[in-house]
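Count residues from 1 along the sequence.
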Amino acid sequence: MEDTAEKIVETVTQDTSKLSTMWSQFVDKLVDFLPTLVTALIVLAVGYVIIKILMKLIAKGLKKSRLDVSLHGFIQSVLHIVLLILLLITVASTLGIPTATFVTVLGSAGLAISLALQDSLKNVAGGILILFSRPFTLGDYIEVEDQAVSGTVCEIGLVYTRLNTPDNKRIFVPNGQACNATIVNYSAEEKRRLDLIFSVSYDTDLEKAKGILRQIVENNPLALKDPEPMIRVCSHSANSVDIACRVWVESKHYWDLNFDLYEEVKKEFDKNQIEIPFNQVDMHIKHDSFKKSSK
């Protein structure tokens, strides 16, 4: 029993001695590495501050440049990521980590992330194509036909394009889908043609009705004189004669003119006793058939 106890005590003593030696070696290495660690932390802090200052300067420079506003956010995001990667490489080099090894690890991580985020990368690629092909820019009112959504472009990000609807809802369209979709841009051109149809009854004097429409259009300051407005009968419907009114207008005044014409035409037609027909059914009863059925 005494021999066993002595062996146990000897083993514990040896283990304690080894642990003490290992701890002493760890502390010595930590003390030796501490200046390098402090230097790396200083480089990290100073580098981060420098990046923030550079990003502010870049933002100011972009505002003064002739680049499209929609490109500003994208350029700032890319430069910010590049600067952060350079800072990490510098810190790794300060810590004594071989730069080639760090770049290899970073590349492997990038490959793994790219495989896991294929759809997101498609959206990033779509965002780049949108920014450089410019089917629309900030402030444009667009319709994404394949997604059946429309609104004013408020932001073109790396992954999503944000639209605001007229009733102030936010719609986020993935750039990958927007890039491959049919885009209708209502703000791209300075002028647009407003196409309206006004219906009158078959008893109406067409020349009088067209004259009233022409006068309303000419008196409205939003309606452009060039190209010249066109007011012509376009169809004979079941209950009405339809008159097409095609007027050119500045894109920014499109809806104002649309509402103005509808209101003014209704007032003038009522004033001149021109009937605006509605769906109705005329019943014709033959007198002889009515007598036979009553007998």
Side-chain angles (χ1 to χ4, degrees), residues 68 70 130 133-154 161 163-169 171 173 178 181-284:
D68 192 272
S70 55
I130 288 171
S133 62
R134 297 177 63 187
F136 52 82
T137 58
L138 294 180
D140 285 353
Y141 188 88
I142 67 169
E143 179 182 353
V144 186
E145 287 193 345
D146 296 13
Q147 304 298 314
V149 295
S150 59
T152 302
V153 180
C154 295
T161 292
L163 308 179
N164 273 20
T165 63
D167 55 347
N168 209 28
K169 285 188 264 187
I171 301 176
V173 182
T182 301
I183 303 290
V184 180
N185 191 332
Y186 293 98
S187 305
E189 302 296 335
E190 294 183 359
K191 299 177 184 178
R192 286 180 62 189
R193 193 180 72 184
L194 176 62
D195 293 350
L196 300 178
I197 294 179
F198 298 101
S199 300
V200 297
S201 67
Y202 275 92
D203 297 332
T204 300
D205 183 343
L206 292 178
E207 293 304 320
K208 179 180 179 182
K210 290 194 295 181
I212 291 172
L213 290 174
R214 190 171 289 105
Q215 185 177 7
I216 291 172
V217 170
E218 290 176 354
N219 291 339
N220 194 302
L222 300 181
L224 299 178
K225 305 300 185 290
D226 184 26
E228 187 179 352
M230 190 203 79
I231 299 172
R232 299 289 300 273
V233 173
C234 61
S235 67
H236 297 165
S237 300
N239 301 309
S240 64
V241 177
D242 299 328
I243 303 175
C245 179
R246 296 178 178 177
V247 187
W248 287 88
V249 59
E250 292 183 15
S251 296
K252 60 184 178 182
H253 297 312
Y254 181 89
W255 288 110
D256 293 329
L257 181 60
N258 178 80
F259 298 136
D260 284 353
L261 292 184
Y262 273 123
E263 291 178 3
E264 292 171 14
V265 168
K266 178 64 170 67
K267 292 176 183 177
E268 291 300 317
F269 276 10
D270 288 347
K271 188 186 296 184
N272 289 272
Q273 298 181 343
I274 294 177
E275 181 185 357
I276 300 177
F278 51 88
N279 289 336
Q280 55 189 343
V281 177
D282 292 335
M283 296 183 63
H284 300 276

Original post:
So, do L261 and L194 sit near enough that their side-chain heavy atoms are less than 4.5 Å apart?
Top reply: yes
Subject >> Set of residues satisfying side chain to side chain contact (heavy atoms under 4.5 Å, CB included) with respect to K225, sequence neighbours excluded >> reply: none
Subject >> Closest non-hydrogen atom pair between V247 and A223, with its separation >> reply: CG1-CB, 3.5 Å
**OP:** Kindly indicate, with the supporting measurements, whether the criterion side-chain hydrogen bond (donor to acceptor under 3.5 Å, both in side chains) is fulfilled by S240 and D242.
**Re:** CA-CA 6 Å; S240 64; D242 299 328; 3.1 Å; yes
**OP:** Apply side chain to side chain contact (heavy atoms under 4.5 Å, CB included) to S251 and list each qualifying residue two or more places apart in sequence or on a separate chain.
**Re:** R192
Original post:
Who are the salt bridge (Lys or Arg N to Asp or Glu O under 4.0 Å) partners of E268, not counting sequence neighbours?
Top reply: K271
**OP:** Measure the spacing between CZ of R246 and CG of L196 and express it to the nearest 0.5 Å.
**Re:** 10.5 Å
Original post:
For V184, what residues pass the side chain to side chain contact (heavy atoms under 4.5 Å, CB included) criterion, not counting sequence neighbours?
Top reply: E143, E145, Y186
Original post:
Do T204 and V241 come within less than 4.5 Å of each other through their side chains, counting heavy atoms only?
Top reply: no
Original post:
Who passes side chain to side chain donor-acceptor pair (under 3.5 Å) against Y254, sequence neighbours left out?
Top reply: none
**OP:** Enter the distance from I276:CD1 to F269:CZ here, rounded to the nearest 0.5 Å.
**Re:** 6.0 Å
Subject >> Spatial distance of atom CD1 (I130) from atom CD1 (I183) [nearest 0.5 Å] >> reply: 7.0 Å
Original post:
Sequence neighbours excluded, which residues qualify as side chain to side chain donor-acceptor pair (under 3.5 Å) partners of Y202?
Top reply: none
**OP:** For D195, check side chain to side chain donor-acceptor pair (under 3.5 Å) against everything at least two apart and list the hits.
**Re:** R193
Original post:
Which heavy atom in Y141 sits nearest to a heavy atom in S150, and how many Å separate them?
Top reply: OH-OG, 3.4 Å
**OP:** Determine which pairs satisfy salt bridge (charged side-chain N to carboxylate O under 4.0 Å, His left out) with at least one residue from residues 250-263, sequence neighbours left out, and list them in order.
**Re:** E250-K252
Side-chain donor-acceptor distances from residues 210-218 under 3.5 Å, at least two apart:
residue	atom	partner	partner atom	Å
K210	NZ	E207	OE2	3.4

**OP:** Please list, chain by chain and in numerical order, all residues satisfying side chain to side chain donor-acceptor pair (under 3.5 Å) with T152, sequence neighbours excluded.
**Re:** none
Original post:
Excluding sequence neighbours, so at least two apart, what forms salt bridge (Lys or Arg N to Asp or Glu O under 4.0 Å) with D203?
Top reply: none
Original post:
Are V153 and T137 side-chain neighbours, meaning at least one heavy-atom pair lies under 4.5 Å?
Top reply: no
Original post:
Hey, what do you get for SG (C245) to CE (M230), rounding to the nearest 0.5 Å?
Top reply: 8.5 Å
**OP:** Search all heavy atoms of I243 against all heavy atoms of A209 and return the closest pair with its distance.
**Re:** CD1-CB, 4.0 Å
Original post:
What pairs with I171 under side chain to side chain contact (heavy atoms under 4.5 Å, CB included), at least two apart in sequence or on another chain?
Top reply: V149, L163, T165, V173
Subject >> N220 side-chain N/O to L222 backbone N/O, donor-acceptor pair under 3.5 Å >> reply: yes
**OP:** State yes or no: are the ring centers of Y262 and F198 separated by less than 6.0 Å?
**Re:** yes
Original post:
Roughly how far, to the nearest 0.5 Å, is CG of N272 from NZ of K208?
Top reply: 4.5 Å
